[in-house]
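Take a look at the structure set out below.
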Amino acid sequence: MKYPIGIQDFRKIHEEGFVYVDKTEQIFRILENGQYFFLSRPRRFGKSLLLSTIKELYSGQKALFEGLWIEDQWDWSVQHPVIHLKFATFPYKYNPLKDAIAFSLQKEGEHLGVQISDNPLSNPLEELIKKTYEKYGRKAVLLVDEYDKPIIDYLDDLEQAEANRAVLKNFYSVIKDSDPYLELVFITGVSAFSKVSIFSELNNLSNISLHRYTDTLLGITQKELEAYFSEPLRHIAEAEQMPVASLMDKVRLWYNGYSWNGTDRLYNPFSILRFLDAQAFQNFWFETGTPTFLVKEMRKHRYYDVEQAEATPEQLTSFHVDALDPIGVLFQTGYLTIDHFDETFQQYILRYPNREVRFSMQQHLLLVYQEKYPGNALSPVVALAKALAVGDIEQVVATLNGAFASIPYDLWQKENEHFYHALVHLIFSLLGAYIRSEVHTARGRCDALVENEHYIYAFEFKLDGSAEAALQQIHEKGYLAPYQGSPKEKVAVGINFSTEQKAVAEWKTA
């Protein structure tokens with residue numbers, strides 16, 4: 001089986017025999033219900049492949065859709081010229097954005113047999129649309145892939161990002177007046193910039209990012225995974241020497257969980273296809289890179305535990321360059337997803353989609369909090385896991401002290417309590433990559449519960465208190481009581497952290 005990892009061309013997938021999960025019925029339902037569409041999804045979710053598929057549909061390439069749902073539903077006798085703009089290919093990183101746009105639209109014009117003038121006062125998109133219509137005698141289809149990339153790429157340089165936003169706003173402003181020449185407009189990107197920010201003139205653009213038509217349009221459902229990839233999954237289960245059902249539980253834990261309605265859960269195509277190809281559980285999301293600006297914004301806003309974060313619909317469907325909202329950006333970039341929607345209060349409850357994404361973000365956050373970015377976030381976590389495996393609490397304390405010691409003194413003095421809570425939370429959360437580790441913040445629950453092959457630990461931390469008080473709380477609250485039936489050794493660990501010393505001042509076990 002050939003996996004289309006990173007392949008964004010529908011024609012190539014068909015002609016070279018790559019597996020394709022049929023989404024053509026959903027595409028058809030969207031296209032028959034409108035003309036102007038905008039769709040936001042995280043990177044590596046198949047937005048480019050979606051537009052490539054739409055391009056082949058309107059180009060009348062029936063042979064490419066043989067055996068798919070849409071084969072006998074589409075009117076193949078009607079064809080339209082397609083203007084397909086891919087901002088990832090525009091040379092704006094080495095040239096002014098306006099010049100890069102003019103150059104790239106001229107190249108698209110050549111592909112369509114249309115000559116675009118080099119008049120700096122004209123809008124090349126307006127000219128391309130009108131001349132394409134005149135040449136072919138049919139309305140054109142306009143597909144814009146990664147419409148926001150010239151802004152997203154410069155979020156760590158807000159002056160340049162704002163300058164690019166202004167250029168794009170002018171660029172897209174001609175679309176509405178070009179309506180007589182357009183059959184369809186479909187725009188995709190990672191971010192959902194407000195219409196005032198980018199599409200102020202395009203008030204007929206329908207944002208379908210949270211629409212029922214697109215709930216499962218991009219991504220792979222559990223049903224699709226089992227239908228299209230049952231054979232490789234069976235082979236992996238045999239190699240792992242486990243039942244297929246047990247393998248699927250592990251696969252879901254690692255890679256499933258994305259949702260745009262709080263009900264349907266999806267796999268990121270990139271990660272799940274990489275898993276099927278590698279036949280090993282690895283953090284593939286980490287390879288795609290996490291924007292430095294994002295984790296720094298999270299630290300600036302004092303975010304480190306974002307599970308069950310609350311967000312309004314406006315937060316999830318808008319993006320402001322000059323006032324970045326970390327929760328909204330985390331959702332749009334794929335680090336958070338919808339857990340459920342509270343209709344009463346019109347609030348979305350968000351969470352990390354899966355283990356892979358949670359560990360990716362928490363590693364980046366730990367490094368940023370320690371001012372060691374980039375670096376190896378897992379070094380103290382591995383040391384902690386090894387110490388806990390042999391019951392060496394002294395080494396556990398030394399590892400924690402090492403993590404705190406790396407924080408610059410001036411940062412620590414300004415926000416000692418916040419840094420303390422953030423580091424404890426992130427280190428013990430990441431510990432869950434190797435052994436069972438839960439970090440609690442709810443009242444009446446131990447700060448951290450850790451279980452490995454031989455031990456069950458209940459950790460209670462005090463800040464400028466006493467280790468004895470922490471230990472007493474574990475006993476009084478009965479944190480280890482539910483595990484009395486386990487043959488494993490139960491260990492209560494009370495730790496007192498001193499903000500003055502910036503280290504563990506004392507610890508006790510029982």
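Looking only at side-chain heavy atoms (C-beta outward), Thr53 and Leu49 come within less than 4.5 Å of each other. Between Ile456 and Val450 there is no side-chain heavy-atom pair separated by less than 4.5 Å. Residues Tyr267 and Val251 are in side-chain contact: their nearest non-hydrogen atoms beyond the backbone lie under 4.5 Å apart. Between Thr499 and Leu463 there is a side-chain heavy-atom pair separated by less than 4.5 Å. Between Ile393 and Tyr457 the shortest side-chain heavy-atom distance falls below 4.5 Å. Trp285 is not listed as a side-chain neighbour of Asn354, based on a closest heavy-atom distance of 4.5 Å or more. Within the 4.5 Å cutoff, side-chain heavy atoms of Thr312 are placed close to those of Gln315. Looking only at side-chain heavy atoms (C-beta outward), Thr188 and Leu143 stay at 4.5 Å or farther from each other.
Between the side chains of Asp264 and Thr216, not a single donor N or O lies within less than 3.5 Å of an accepting N or O.
Considering all non-hydrogen atoms of both residues, Leu388 and Val396 come closest at CD2-CG2, 3.6 Å. Minimum interatomic distance between Glu356 and Ser271 (heavy atoms only, all atoms of both residues): OE1-OG, 2.9 Å. Nearest approach of Asp249 to Arg252, heavy atoms of both residues: OD1-NH2, 2.6 Å. The heavy-atom pair separating Ser360 from His364 by the smallest distance is O-CD2, 3.0 Å. A pairwise comparison of heavy atoms in Phe38 and Gly189 identifies CE1-N, 4.5 Å as the closest pair. Counting all heavy atoms, side chain and backbone alike, Ala405 lies closest to Lys502 at O-NZ, 3.8 Å.
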Atom pairs and distances, side-chain donor-acceptor, residues 341-349, under 3.5 Å, sequence neighbours left out:
{"from": "Asp342", "atom 1": "OD1", "to": "Thr344", "atom 2": "N", "distance (Å)": "3.1"}
{"from": "Asp342", "atom 1": "OD1", "to": "Phe345", "atom 2": "N", "distance (Å)": "3.3"}
{"from": "Gln346", "atom 1": "NE2", "to": "Glu343", "atom 2": "O", "distance (Å)": "3.0"}

Per-pair distances, 0.1 Å, donor-acceptor, side chain in residues 374-382, under 3.5 Å, sequence neighbours excluded:
{"from": "Asn376", "atom 1": "OD1", "to": "Leu378", "atom 2": "N", "distance (Å)": "3.0"}
{"from": "Asn376", "atom 1": "OD1", "to": "Ser379", "atom 2": "N", "distance (Å)": "3.4"}

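In this structure, Phe497 and Phe404 have tilted ring planes: the angle between them lies in the 30° to 60° band. Classification of the Phe37-Phe186 ring pair by plane angle, with boundaries at 30° and 60°, yields tilted. Under the 30°/60° scheme for interplanar angles, the aromatic rings of Phe45 and Tyr258 are found to stand perpendicular. Using the six-membered ring where Trp is involved, His418 and Tyr369 have ring planes that are tilted, between 30° and 60° apart. Relative ring orientation between Phe90 and Phe87 is described as tilted, the plane-to-plane angle lying within the 30° to 60° band.
Taken to the nearest 0.5 Å, the CD atom of Glu238 stands 6.5 Å off from the NE2 atom of His235. Between Phe331 atom CZ and Leu350 atom CG the span is 7.0 Å, to the nearest 0.5 Å. Considering CG of Leu233 and CG of Leu276, their distance stands at 5.5 Å, rounded to 0.5 Å. A distance of 7.0 Å separates CG of Asp305 from CD of Glu307, quoted to the nearest 0.5 Å. Glu226 contributes atom CD, which lies 12.0 Å from atom CZ of Phe229 (distance to the nearest 0.5 angstrom). Note that the CD atom of Gln472 and the NZ atom of Lys508 stand 10.5 Å from one another [nearest 0.5 Å].
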### Task
Please step through side chain to side chain contact (heavy atoms under 4.5 Å, CB included) for the pair Gln222 and Leu266, ending with a clear verdict.
CA-CA 7 Å; Gln222 184 67 35; Leu266 297 156; over 6 Å; no

### Message
Assess the residue pair Leu210 and Asn261 against the criterion (side chain to side chain contact (heavy atoms under 4.5 Å, CB included)); give the C-alpha distance rounded to whole Å, side-chain angles, the decisive distance to 0.1 Å, and a yes or no.
### Response
CA-CA 7 Å; Leu210 296 179; Asn261 61 8; over 6 Å; no

### Query
Going through the distances and angles, do Ile198 and Tyr147 end up as a side chain to side chain contact (heavy atoms under 4.5 Å, CB included)?
CA-CA 10 Å; Ile198 297 288; Tyr147 86 100; 4.2 Å; yes

### Message
For Asp145 and Ser48: C-alpha separation, side-chain torsions, deciding distance, then whether side-chain hydrogen bond (donor to acceptor under 3.5 Å, both in side chains) applies.
### Response
CA-CA 6 Å; Asp145 191 17; Ser48 299; 2.5 Å; yes

### Query
After noting the C-alpha distance and the side-chain angles of Thr337 and Tyr352, does the key distance pass the side chain to side chain contact (heavy atoms under 4.5 Å, CB included) rule?
CA-CA 6 Å; Thr337 196; Tyr352 287 117; over 6 Å; no

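Although no hydrogens or angles enter the test, the distance criterion places a donor-acceptor pair under 3.5 Å between the side chain of His211 and the main chain of Tyr213. In this structure, the side chain of His425 does not engage the main chain of His421 through any donor-acceptor pair within 3.5 Å. For the pair Lys12 (side chain) and Ile7 (backbone), a donor-acceptor distance under 3.5 Å is absent. Checked by atom type and distance alone, the side chain of Gln370 never pairs as donor or acceptor with a backbone atom of Leu367 at under 3.5 Å. Side-chain atoms of Asn401 come within 3.5 Å of backbone atoms of Val504 as a donor-acceptor pair (strictly under, hydrogens ignored). Of the possible donor and acceptor atoms, one in the side chain of Ser498 sits under 3.5 Å from a partner among the backbone N and O of Gln501. In this structure, the side chain of Lys47 engages the main chain of Pro42 through a donor-acceptor pair within 3.5 Å. Between the Asp9 side chain and the Ser52 main chain, no donor and acceptor come within less than 3.5 Å of each other. Asp447 places no side-chain N or O within 3.5 Å of a backbone atom of Val439 that could act as its donor or acceptor partner. Put simply, the side chain of Lys490 gets close to the backbone of Lys488: a donor and an acceptor are under 3.5 Å apart.
Using a 4.0 Å cut-off between charged nitrogen and carboxylate oxygen, Asp153 and Lys93 count as a salt-bridge pair. Ion pair Glu146/Arg43 not flagged as a salt bridge, since none of the NZ, NE, NH1 or NH2 atoms sits closer than 4.0 Å to an Asp/Glu carboxylate oxygen. The pair Arg274-Asp277 does not meet the salt-bridge criterion, since no charged nitrogen lies less than 4.0 angstrom from a carboxylate oxygen. Salt bridge annotation for Glu438-Arg436: present, with a cationic side-chain nitrogen under 4.0 angstrom from a carboxylate oxygen. Salt bridge Arg265/Asp339: present, at least one basic N to carboxylate O contact under 4.0 Å.
Screening Leu273, Asn268, Leu218, Ile5 for a side-chain contact (heavy atoms from CB on, under 4.5 Å) involving Arg44 leaves a single residue, Asn268.
In this structure, the ring of Phe428 has its center less than 6.0 angstrom from the ring center of Phe461. In this structure, Tyr20 has its ring center no closer than 6.0 Å to that of Tyr228.
With sequence neighbours excluded, the residues forming a ring-ring contact (aromatic ring centres under 6.0 Å, His included) with Phe275 are Tyr255, Phe281, listed by chain and number.
The environment of Gln282 atom CD is dense: over 12 non-hydrogen atoms of other residues, nucleotides or ligands sit within 6.0 angstrom. Around CD of Glu159, the count of heavy atoms belonging to other residues, nucleotides or ligands within 6.0 Å does not exceed 12.
Seen from the ring of Trp260, Arg41 counts as a face-on cation partner, given the 6.0 Å and 45° thresholds.
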